[in-house]
Amino acid sequence: MNKAYPTEELLRISGVNPNKCMKCGKCSATCPAYDEMEYHPHQFVSMVNSGDIEPLMNSESIFKCLSCFACVDRCPRGVEPAKLIEAVRIAVVRKQGNNHLLADDVPNMLDDEIPQQAIVSAFRKYSK
Amino acid sequence: MKLSYFPGCTLKNKAKSLDIYARKSSELFGITLEEIDNWQCCGGVYSTAKNDVATKLASVRALKQAYEKGQALVTVCSACHNVIKQTNHLMKNDTAIAKKIDRYINDGSMYTGQAQVYHYLEMLRDIVGFDEIRKKVVNPLNGKKIGAYYGCLLLRPSSVMQMDNPENPTIMEELISALGGQSIIYANRNECCGGYIAMESGELARKKSNQVIENAKKAGAEMIITACPLCRYNLIKNGSDIPVVYFTELLAQALGIKGDTNE
Amino acid sequence: MQRIGVFVCWCGSNIASTVDVERVSEALKNEQGVVFSTNYQYMCSQAGQDLIKSAVKEHRLTGIVVCSCSPRMHEATFRKAARSAGINPYMVEIANIREQCSWVHKDIITGTEKAIILGKAAIAKVNLNAPLIPGESPVTKRALVIGGGIAGIQTALDIAEAGFLVDIVEKKPTIGGKMAQLDKTFPTLDCSACILTPKMVDVAQHEKIRIFSYSEVSSVKGFVGNFDVTIKKKARFVNENICTGCGACVEKCPQKKIPNEFNLGMDNRSAIYIPFAQAVPKVATIDPNACNMLKNGKCGLCARVCTAGAIDYTQKDEYIEEKYGAIVVATGFNPISMEKFDEYAYSQSRDVITSLEFERLTNAAGPTGGKLLRPSDNKHPHTIVFVQCVGSRCSVDSEKGKEYCSKICCMYTAKHAMLVRDKYPDTEVYVFYIDVRTPGKAFDEFYRRAVEEYGVHYIKGMVGKVVPEGEKLKVQASDLIENKQLHIDADLVVLAAAIEPDKSARGLATMLTASMDTNDFFTEAHPKLRPVESPTAGVFLSGTCQGPKDIPETVSQAGAAASKVIALLNKDKLLGNPCVAHSNEEICNGCSQCERVCPYGAISYINKEFKMPDRSIKTRRIAVVNPAICQGCGACTVTCPSGAMDLKGFTSKQIMAEVDAICR
Amino acid sequence: MQVNEFKPLIVAFCCNWCSYAGADLAGNNRLSYPADVKIIRVPCSCRVNPMFVLRAFQRGADGVIICGCHPGDCHYTSGNYYTRRRMTLLFSMLDYLGIEKERTRVEWVSAAEGAKFASTMNDFVSKITQLGKNKRLEDLRCKK
C-alpha cells in the first residue's frame with residue numbers, strides 16, 4: 001500500500017490549484033484514456049483537493065494517463081489536471097521498490113519496429 | 001544559414017528517414033543543420049513535476065550549446081521538440097529551477113531560456129516560407145489526398161508550444177498544399193495515438209490509433225503524414241491500411257531528393 | 001479676514017459621550033478668525049440651523065465650521081442653512097467628529113483632543129475658503145441613442161413619448177438588432193418578431209424620432225447638456241427618401257452569392273439587399289464590396305429596374321453634425337468567435353452551429369423557412385447535442401473565453417431544447433451543462449418543464465470533443481453524475497457561445513470618455529444605485545453594452561435610462577459642481593501636461609495676449625478649464641509643473657493649512 | 001514637551017468617494033483605531049500633491065497614508081493610477097532621504113471596506129509606533 005502524500009506536497013510539485021476547478025468535467029470528457037482509468041481526471045482534482053489521496057496512489061489510473069495534455073489545453077479554468085496526475089504518479093514511483101516498469105520486462109514488450117522513443121518514454125513515466 | 005540540430009535517439013535508429021530527409025531537404029534551402037555535440041536523449045516525455053530536475057538536464061545542455069553558438073535549435077521529432085520547448089519555457093519562467101539546474105551543469109553561466117527553439121515544420125514556415133518551398137517542388141503530389149496527423153506533442157500544451165492553433169492547426173496542411181497535395185482535415189488529427197502506452201497496454205493504443213485512422217479515412221485521406229516516430233509506429237502497428245509516412249519523406253519526394261513514398 | 005462661527009454638535013450622546021463638546025467649543029474660540037463658538041444638542045435640527053442663521057446675523061459671520069457627523073451626511077443641510085442666512089454655501093466646512101472620532105475612540109480625553117484638532121483643521125481651511133458659484137449651462141433638448149436594437153428602440157420610444165427629440169444611430173441598414181434574429185422568446189415562447197416589429201414601426205412613425213441607419217458616430221465633443229456629435233452616414237447607394245422597398249432591384253440583382261449576415265451566413269443574399277421583410281427603414285442597400293457596378297462599372301441592372309429612380313451609384317458618405325443634451329449607449333452584444341474552441345469542430349463541420357444560428361434555423365423567416373434541417377445536407381436531425389457555457393466562465397489564465405457568465409444561455413438553451421422536442425418528438429435532445437442558472441420570474445419552472453414534460457436529457461458534464469465522421473458528429477462528453485464518459489452520435493451540435501460587447505463599443509467609449517471594465521462592458525456610475533448612468537455626466541447605458549442581460553431586463557433598463565435622460569432634458573439649465581479646476585493664467589506656460597491627465601477632456605488651450613511690462617503685447621498659450629466638463633478630481637493640479645492649476649474648494653493652500661493645523 | 005509614551009502623528013488623505021466613506025463606515029460599525037490618525041478629505045487620491053506629503057513630514061508628521069478607490073474603481077476613472085505612480089516615485093525618494101518606506105503608504109479602501117480601513121490604520125499606527133519619532137525633514141523653524 002502506498003501511504004498518502006499530503007495534499008500540499010502534491011500541489012507544490014504540480015503547481016496546480018484545484019480550487020480553480022468549477023467541476024465542469026471537461027477534462028474527463030476529453031480524456032482519451034478515460035475508459036482505462038478507475039479514477040478520472042476530474043476526480044484527481046477533487047480527490048487531491050479533499051485529501052483523499054491514498055486511493056489515487058494505489059490505483060493503476062496513474063499509469064494510464066497518456067500525458068497528451070488534452071485536459072490541460074481544454075480546461076476552461078486553467079486547472080491542468082494532467083500535472084496533478086503526474087505529481088501523484090511521481091510520488092508513487094519514487095518510493096523504494098515501486099517501479100512500475102522493470103528493465104527485465106522490457107524485452108518481452110518489444111517488436112522489431114518499436115521506436116526507442118517509446119522505451120525511454122515509458123521508463124521515464126513508469127519508473128524512478 | 002546554419003542552425004543547431006537535435007536529432008534524438010529514435011532518429012538515429014528506427015526513424016532514420018525522418019532525419020535524413022530533413023537534413024537533405026533543408027540543404028536545398030540553404031540551411032545546414034549542425035548536430036549538437038554529444039547530445040543526450042531528451043527522455044521522450046517532459047516531466048511536469050517541479051521537483052523533477054535531473055530529467056531536464058539533457059535538454060538544457062542542448063539548448064545552452066545552441067544559444068552559445070548563437071543559433072536557433074531545430075528538432076524534427078515531435079517528442080524531442082516537446083520536451084526541449086517545454087524545458088526552455090521552464091528555464092525562462094522558473095528562476096528557482098533554472099538556478100538548481102545551473103548548479104548541476106556548473107559551467108560558469110546560468111541558462112535562462114534564451115535560445116530559440118524551432119520544430120522543423122516551424123523552420124519551413126517561418127524561416128524558409130511555404131512559397132519558397134512551392135517554387136522548389138519538382139515532383140508535385142498531384143492533388144494526392146493527405147491527412148496530416150499532429151498527435152498531441154506538437155501542439156500541446158499550446159500556451160508553451162505556440163506552434164499553431166491547437167484545435168485547428170494548419171501548418172502541415174499548408175505544407176501539403178505547397179507540395180501540391182490536397183490536405184484532408186479530420187477532427188482526430190490532434191488526438192493522441194496512445195503514445196508510450198503501447199508498451200503497457202497495446203489495447204488502448206490500438207483503440208486510439210484506430211480512431212485516428214478511421215477518422216482520417218472517412219474524411220478521404222489516402223495517406224497520413226506525421227512528425228513523430230511513435231505515432232507512426234502506433235498507426236502502422238494497429239493496422240493502418242493507408243500509408244503512414246514522415247512529412248520529411250513527402251517533402252524530399254516532392255523536392256526530387258527521394259523516390260516515391262508510396263512504398 | 002474671515003469672521004468664523006464654530007458650532008459643535010452633541011448629536012445627542014453620539015458625540016457628547018466620548019467628546020467633551022464644551023471643551024471643544026471653548027478650545028476653538030481662540031483660533032484665527034473665530035469670532036463665535038458654541039455647542040448644541042442637535043445641529044442638524046431646525047433649532048440647530050436657526051442657531052447658525054441667527055449667529056450669522058449677530059456676529060456678521062463670513063465662514064462657518066460645524067463639528068458634527070460626516071459631511072457625507074449633513075454638509076448639504078448646513079450649506080442650505082448658510083445660504084438662507086445670506087452667505088455663500090461653500091463657506092461652510094464640516095469637522096467630522098462623529099464617524100471619524102467619537103464613534104471610533106473610546107476614551108473621552110483622546111476623543112476630545114482629536115475633535116479639537118479636527119476642528120482646528122476645518123477652521124484653518126475656512127480661513128482660506130472663497131465663495132464659489134456653480135456654473136450654469138444650457139441643455140440641448142435632444143437625445144442621441146447609439147444602437148437600434150431593442151434597448152435603443154425602447155429608450156428612444158420612452159424619451160420621445162415624454163416629448164423630447166431623439167435620434168437613433170444604427171450601424172446596420174436596419175434597426176431591430178439581435179432580437180429581430182430570434183425566433184421565440186423565453187419563458188413565454190411568444191414570437192420575437194411579433195413583439196419587436198410593432199415597436200420598430202412605432203419608432204419609424206414617431207414624429208419625435210429620427211433614424212440614422214447604416215450610420216456611425218464618428219466624433220463626440222462637448223459635455224453634459226451640450227454634446228456636439230458628428231454622425232457618419234455611410235453611402236448605401238440608394239436614396240432613402242425615394243426608395244419604396246419594393247424589392248424589384250433585389251430580385252434582379254445578378255450577384256446573388258453574398259453570405260447573408262442576417263442569417264449568419266447560412267444562406268446568401270444579393271449585392272443589393274434589404275436585410276429582412278420588416279426592416280426599418282425598409283429601403284435597399286448596395287454592398288459596395290459585392291456590387292459589380294460599383295466595383296468595375298459593369299451592370300447597372302438595379303438602376304434600370306428601379307421605377308422610383310432611387311439607385312445612386314455616386315452616393316458618398318455623408319457627415320451630419322448635431323447637438324444633443326444626453327447620449328444613450330445601446331450598442332449591444334455579439335456571440336464570441338468560436339476560434340479558440342475548435343475541439344467542438346465549429347470550423348470543420350457546418351452541422352456544428354452557435355445558438356444564434358440555431359435561432360435562424362428555427363425561424364420561419366430563416367434560411368430553411370423554419371424547418372429544422374441540418375445545414376450540411378438539409379436532412380432532419382434526429383439527435384441534437386447542446387453544449388452550454390462555451391467560452392463563458394473561463395479563467396483568465398486559460399486564455400480562451402470570458403470570465404463572466406453570459407446569463408442568457410441557460411434559458412435560451414432550455415427554450416431551444418423544448419421547442420425541438422415539441423415540434424419533432426422523434427428527436428433526442430441532450431443538454432450538457434455545468435450549472436443550470438435560472439434566476440428570473442418563471443425561469444426555473446420553464447427549465448423544469450423542458451426536462452419533465454418534454455423529456456430533454458440534461459446531463460451534468462461538459463463536452464470534450466466533437467469529431468465529424470461521415471454524416472455523424474461523434475460527441476465525446478462526460479456525465480459527472482454517472483461518472484461515465486459518453487459517446488453520442490449526433491446530427492447537430494449547438495454551442496451556447498458566450499456573448500461579448502459589440503466591438504464598436506471600445507472606440508465609442510473613448511469618444512465619450514466613458515469608462516469600461518476589462519471585458520469592454522460600460523461601467524455604471526454606481527453598481528447598485530446608479531446602474532443606468534455612466535460615470536461620465538450625460539452618458540447613459542441601456543442594454544447589454546453594460547452587461548449580459550435578457551430581453552425583459554434590457555427593456556427595463558432601457559426605460560430606466562430613458563427616465564434619467566428625461567429628467568436631464570427637462571431642466572433648462574444645469575448647475576455644475578463649483579469645485580472645479582482653475583488655471584492661473586499668469587503662471588501657466590501652456591505645457592499641455594494637464595490636458596493629458598484629464599480624464600474628461602475638460603482642458604483646452606487658447607492663445608491669449610498679455611501686456612508685458614514694456615507695454616508690448618505677447619501672445620501666450622494657456623490652459624483653460626471648461627467648468628461644465630470638469631468633475632473636480634484634481635489630477636491636473638498635481639501634474640502641473642508650474643503650479644498654475646488649482647482646485648476650487650480644495651486649493652493647495654487650503655489642504656496645506658489643514659496639514660499644518662493637524663501637525664501643529 | 002513632555003512625552004511619556006510615544007504617540008505618533010499620522011496624516012491620512014482619503015478620497016471622498018471610497019476611502020472617506022470607508023472611514024465613515026468604520027465609524028458606523030464602531031470599529032476603533034488609534035486617534036493618532038487624522039483624516040483630510042480630498043476629492044480623489046490624485047489630488048494629493050507630493051508637496052502635501054512633504055509638508056506633513058516637515059511639520060512633524062510621523063507617517064502619511066493615502067487612501068483611494070481600488071484600481072479600476074476610481075470615481076474619476078483613472079485618478080488612483082496617477083496616485084500610484086506618483087507616490088511610488090515620491091516614496092522611494094523619501095526613502096532615499098531617510099524617511100523609511102514604512103512611514104508612507106498608499107492603500108485602496110472602498111466605501112464598503114470599513115473593516116479594512118480600521119485594520120489598515122491599526123496596522124499602520126503600530127508600524128509607525130515601532131519606528132518611533134520621525135526626525136528627518138522636520139523643519140524646526142515651524143515649531144513654535
With a 4.5 angstrom heavy-atom cut-off, could you sort out which part of Cys193(B) is near chain A: side chain, backbone, both or neither? neither
Under a 3.5 Å threshold, yes or no: a donor from one side chain and an acceptor from the other, between Ser67(A) and Lys125(A)? yes
Using distance alone, with no hydrogens and no angle criterion, decide if Ser158(B) and Asp73(A) have a side-chain donor and acceptor under 3.5 Å apart. yes
Can you tell me which portion of Ala49(B) sits under 4.5 Å from chain A's heavy atoms? Options are side chain, backbone, both or neither. both
Tell me, side chain or backbone of Asp52(B) under 4.5 Å from chain A's heavy atoms, or both, or neither? both
Between Thr75(B) and the options His119(B), Glu122(B), His81(B), Lys85(B), the side chain to side chain donor-acceptor pair (under 3.5 Å) test singles out His81(B)
The interface call for Phe123(A) against chain B, heavy-atom contacts under 4.5 Å, is neither
Could Arg232(B) and Tyr246(B) be counted as a cation-pi pair, given that NZ or CZ must be under 6.0 Å from the ring centre and within 45° of the axis? yes
Using a cut-off of under 4.5 Å for heavy-atom pairs, which of Gly195(B), Gly44(B), Ser159(B) has the most such pairs with chain A? Gly44(B)
Quick one: of Glu203(B), Lys208(B), Glu200(B), Glu191(B), who has the most non-hydrogen atom pairs under 4.5 Å with chain A? Glu200(B)
Option in Cys192(B), Cys152(B), Cys9(B), Pro157(B) with maximal non-hydrogen atom pairs under 4.5 Å from chain A: Pro157(B)
Write down the atom of Ser47(B), the atom of Lys56(B), and the distance for their closest heavy-atom approach. O-NZ, 2.9 Å
Chain B contact via Asp105(A) - side chain, backbone, both or neither, heavy atoms under 4.5 Å: neither
With a 4.5 angstrom heavy-atom cut-off, could you sort out which part of Lys12(B) is near chain A: side chain, backbone, both or neither? neither
Count the heavy-atom pairs under 4.5 Å between each of Ser14(A), Gly15(A), Ala70(A) and chain B, then report the option with the highest count. Ala70(A)
Output the option from Glu167(B), Gln211(B), Lys237(B) having the highest count of non-hydrogen pairs under 4.5 Å with chain A. Glu167(B)
Could you tell me if Lys258(B) sits above the aromatic ring of Tyr21(B), with its cationic atom closer than 6.0 Å to the ring centre and no more than 45 degrees from the axis? yes
Pick one of side chain, backbone, both or neither for Ile13(A), based on which atoms fall under 4.5 Å of a heavy atom in chain B. both
Give, as side chain, backbone, both or neither, the part of Arg89(A) having an atom under 4.5 angstrom from any heavy atom of chain B. neither
Salt bridge (Lys or Arg N to Asp or Glu O under 4.0 Å) between Lys14(B) and Asp112(A): does it pass, once the steps are laid out? CA-CA 9 Å; Lys14(B) 299 284 192 233; Asp112(A) 287 346; over 6 Å; no
Which one of Leu101(A), Thr30(A), Ile90(A), Leu110(A) has the most heavy-atom pairs closer than 4.5 Å to chain B? Ile90(A)
Which bit of Glu36(A) comes within less than 4.5 Å of chain B, counting heavy atoms only: side chain, backbone, both or neither? side chain
Checking side-chain polar atoms at under 3.5 Å, does Gln43(A) have a donor or acceptor matched by the opposite partner on His40(A)? yes
Chain B shares the most heavy-atom pairs under 4.5 Å, among Gln116(A), Glu86(A), Arg12(A), with Gln116(A)
Interface check, chain A: of Thr48(B), Val83(B), Asn82(B), Asn234(B), most non-hydrogen pairs under 4.5 Å belong to Thr48(B)
Are Asn188(B) and Tyr150(B) close enough that a side-chain donor and a side-chain acceptor fall under 3.5 Å? no
Starting from the C-alpha separation in whole Å, work towards a yes-or-no answer on side-chain hydrogen bond (donor to acceptor under 3.5 Å, both in side chains) for Gln86(B) and His89(B). CA-CA 5 Å; Gln86(B) 290 214 62; His89(B) 184 259; over 6 Å; no
If one checks every heavy atom of Ala87(A) against chain B at 4.5 Å, the contacting part turns out to be neither
Could you tell me if Asp111(A) and Tyr233(B) have a donor-acceptor pair between their side chains, going purely by distance under 3.5 Å? yes
